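What follows is one structure encoded as structure tokens, with my remarks underneath.
All values derive from a computational prediction rather than experimental measurement. Every heavy atom of this structure was used, including side-chain atoms; hydrogens, water molecules and symmetry mates were not.
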Amino acid sequence: MLFALSQGKEDGQICYSQLVDLISSKRSSSFRRAIGSGQRALPRDVLLDQAGLGIYKRFVRYVAYEILPGEMERRWYFYQHRPCPPPIFMAVVTLTQIIVFLCYGIRLNKWVLQTYHPEYMKSPLVYHPGHRARAWRFLTYMFMHVGLEQLGFNTLLQLMIGVPLEMVHGILRISFLYLAGVLAGSLAVSVTDMRAPLVGGSGGVYALCSAHLANVVMNWAGMRCPYKVLRMILALVCMSSEVGRAVWLRFSPPLPSAGPQPSFMAHLAGAAVGVSMGLTILRSYEENLQDQCGWWVILLCYATFLAFAIFWNVFAYDLLGVQIPHPP
């Protein structure tokens with residue numbers, strides 16, 4: 001890392017403050033890998049100029065250019081990356097969502113707009129305001145989906161964005177960000193759309209996507225992913241269209257239903273988590289989060305929101321006299 005840092009200097013020298021910052025701010029795992037590499041220096045060639053790479057190494061190079069903004073960080077990630085452990089969190093979540101959807105699709109014989117089936121809302125995984133005391137539903141709703149279109153959209157983004165993010169930033173950070181978006185989504189619905197149920201992993205998906213898009217914008221000059229403007233526009237159009245579809249299903253259901261349809265507020269809450277907490281995580285590649293004041297400020301804000309939402313769920317429904325639909 002020191003050698004790679006010196007290559008970016010015209011005089012090839014590193015000052016004492018840079019040495020101290022490098023040693024004190026990096027995650028310990030990177031230094032263990034650096035020590036294990038001994039005196040090996042990172043090649044000076046740009047990664048894109050290297051030939052003769054295998055399929056997996058080309059994929060790792062693609063991930064480096066998709067996620068990381070600096071050439072030094074990309075080279076460091078490329079040469080220290082190991083295929084084990086694999087990005088198992090996003091794979092397990094996506095596979096579980098597909099299996100659950102297939103099970104309910106076969107059982108209900110319905111693959112689109114499953115929430116209109118009277119038996120669907122009886123699932124112990126769905127968040128319903130009448131079952132707020134069952135705390136696991138604030139997270140397990142992410143395994144249920146309205147239909148094939150929502151499942152396809154979420155799983156596609158989880159694999160295209162979530163897997164590369166997990167490869168670069170690790171399972172702990174990305175799983176924490178994803179679950180934080182999921183929990184924020186259900187709690188936001190319980191506060192702002194108090195009569196509505198909730199299904200789908202959109203809270204976590206929008207947390208990942210919003211964090212990645214915000215990181216690309218903040219490091220626009222350093223990002224080397226091709227067709228940045230076109231891909232940014234396409235991503236925003238797709239995400240906005242999904243939100244619009246959720247709003248339409250919530251307020252103008254195309255079929256008669258026994259109660260309110262799932263809320264869209266989880267999308268917005270997930271995006272807020274991604275822009276705040278997620279951006280801090282993605283901008284701290286190989287840096288200790290606990291050493292950053294901004295990280296603790298964001299955690300405090302998130303904890304305050306959780307405390308307020310819990311208080312709201314315990315007392316507000318009775319105080320406001322909210323007419324909750326009868327739980328299935």
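You'll find the side chain of Y116 reaches within 4.5 Å of the side chain of Q261, heavy atoms only. Under the 4.5 Å side-chain criterion, counting only non-hydrogen atoms from C-beta, P262 is not in contact with H145. Contact annotation: the side chain of F153 never approaches that of E149 to less than 4.5 Å [non-hydrogen atoms, C-beta and beyond]. Taking 4.5 Å as the limit, some side-chain heavy atom of H81 sits within range of a side-chain heavy atom of Y56. F78 places a side-chain heavy atom less than 4.5 Å from the side chain of L53. Considering only heavy atoms from C-beta on, Y178 stays 4.5 Å or farther from V273 through its side chain. For the pair P197/P260, a side-chain contact is recorded, criterion being any heavy-atom separation below 4.5 Å from C-beta on. Within the 4.5 Å cutoff, the side chain of V63 has heavy atoms near those of the V168 side chain.
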### Message
Evaluate S276 against T280 for side-chain contact (heavy atoms from CB on, under 4.5 Å), listing each step before the verdict.
### Response
CA-CA 7 Å; S276 56; T280 303; over 6 Å; no
### Query
Which is it for Y206 and H267 under the ring-ring contact (aromatic ring centres under 6.0 Å, His included) test, yes or no, and what are the steps along the way?
CA-CA 6 Å; Y206 273 64; H267 298 71; 5.0 Å; yes
### Task
Let me see the working for Y104 and V100 under side-chain contact (heavy atoms from CB on, under 4.5 Å), right down to the final yes or no.
CA-CA 6 Å; Y104 277 91; V100 170; 3.8 Å; yes
### Task
Given side-chain contact (heavy atoms from CB on, under 4.5 Å), test M167 with E66 step by step and report yes or no.
CA-CA 11 Å; M167 289 178 62; E66 284 290 316; over 6 Å; no
### Task
Any chance you could lay out the side-chain contact (heavy atoms from CB on, under 4.5 Å) test for I67 and H169, step after step, and finish with the verdict?
CA-CA 9 Å; I67 304 300; H169 296 280; 3.8 Å; yes
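Within 6.0 Å of CZ in F311 there are 12 or fewer heavy atoms belonging to other residues, nucleotides or ligands. Within 6.0 Å of atom CH2 in W296, 12 or fewer heavy atoms from other residues, nucleotides or ligands are found, so the atom counts as exposed in its surroundings. I88 CD1: 12 or fewer foreign heavy atoms inside a 6.0 Å radius. Remark: I55 CD1 is loosely packed, at most 12 non-hydrogen atoms of other residues, nucleotides or ligands lying under 6.0 Å away. Crowding of R231 atom CZ: a count of heavy atoms from other residues, nucleotides or ligands under 6.0 Å exceeding 12. The number of heavy-atom neighbours closer than 6.0 Å to CD of Q290, taken from other residues, nucleotides and ligands shown, is above 12.
The only member of V182, V189, I310, N313 that meets side-chain contact (heavy atoms from CB on, under 4.5 Å) when paired with F138 is N313.
Side-chain contact check for S284 and Q292: at least one donor-acceptor pair (N or O, by modelled atom type) lies under 3.5 Å. Checked by atom type, the side-chain pair S186/Y141 shows no donor-acceptor distance below 3.5 Å.
Here the straight-line distance linking atom OH of Y227 with atom CD1 of I233 works out to 14.5 Å at 0.5 Å rounding. R245 CZ to R250 CZ: the interatomic distance, rounded to the nearest 0.5 Å, is 14.0 Å. Distance check, rounded to the nearest 0.5 Å: CG of L213 to CE of M232 gives 5.0 Å. In this structure, OG1 in T115 is found 6.0 Å from CG in L113, a value given to the nearest 0.5 Å. Distance check, rounded to the nearest 0.5 Å: CZ of R132 to CD1 of I324 gives 4.5 Å. A distance of 9.0 Å separates OG1 of T94 from CG of L151, quoted to the nearest 0.5 Å.
Checking side-chain atoms of W312 against main-chain N and O of L187 turns up no donor-acceptor pair under 3.5 Å. Looking only at distances, no side-chain donor or acceptor of R195 sits under 3.5 Å from a matching main-chain atom of P325. For the pair S210 (side chain) and A207 (backbone), a donor-acceptor distance under 3.5 Å is absent. Although no hydrogens or angles enter the test, the distance criterion places a donor-acceptor pair under 3.5 Å between the side chain of R74 and the main chain of L68. Between the side chain of Q97 and the backbone N or O of M142, at least one donor-acceptor pair lies under 3.5 Å. For the pair K110 (side chain) and G147 (backbone), a donor-acceptor distance under 3.5 Å is absent. In terms of modelled atom types and a separation under 3.5 Å, the side chain of E73 and the main chain of Y285 share no donor-acceptor contact.
The same ILVMFWY cluster, assembled from side-chain heavy atoms under 4.5 Å apart, contains both V112 and V199. Tracing side-chain contacts under 4.5 Å through hydrophobic residues (I, L, V, M, F, W, Y), one reaches M194 starting from V247; they form part of the same cluster. Taking hydrophobic clusters as Ile, Leu, Val, Met, Phe, Trp and Tyr residues chained together by side-chain heavy-atom distances below 4.5 Å, L172 shares a cluster with I174. L177 and V297 fall into different hydrophobic clusters, where Ile, Leu, Val, Met, Phe, Trp and Tyr are joined by side-chain heavy atoms under 4.5 Å apart, directly or via other members. Both L268 and V146 belong to a single network of hydrophobic side chains, linked directly or stepwise wherever heavy atoms of I, L, V, M, F, W or Y lie under 4.5 Å apart.
Contact detail for L183 and Y302: the closest heavy-atom pair is CB-OH, 3.8 Å. Taking both residues in full, the closest heavy atoms of M265 and S263 are given as N-OG, 3.1 Å, listed atom of the first, atom of the second, then distance.
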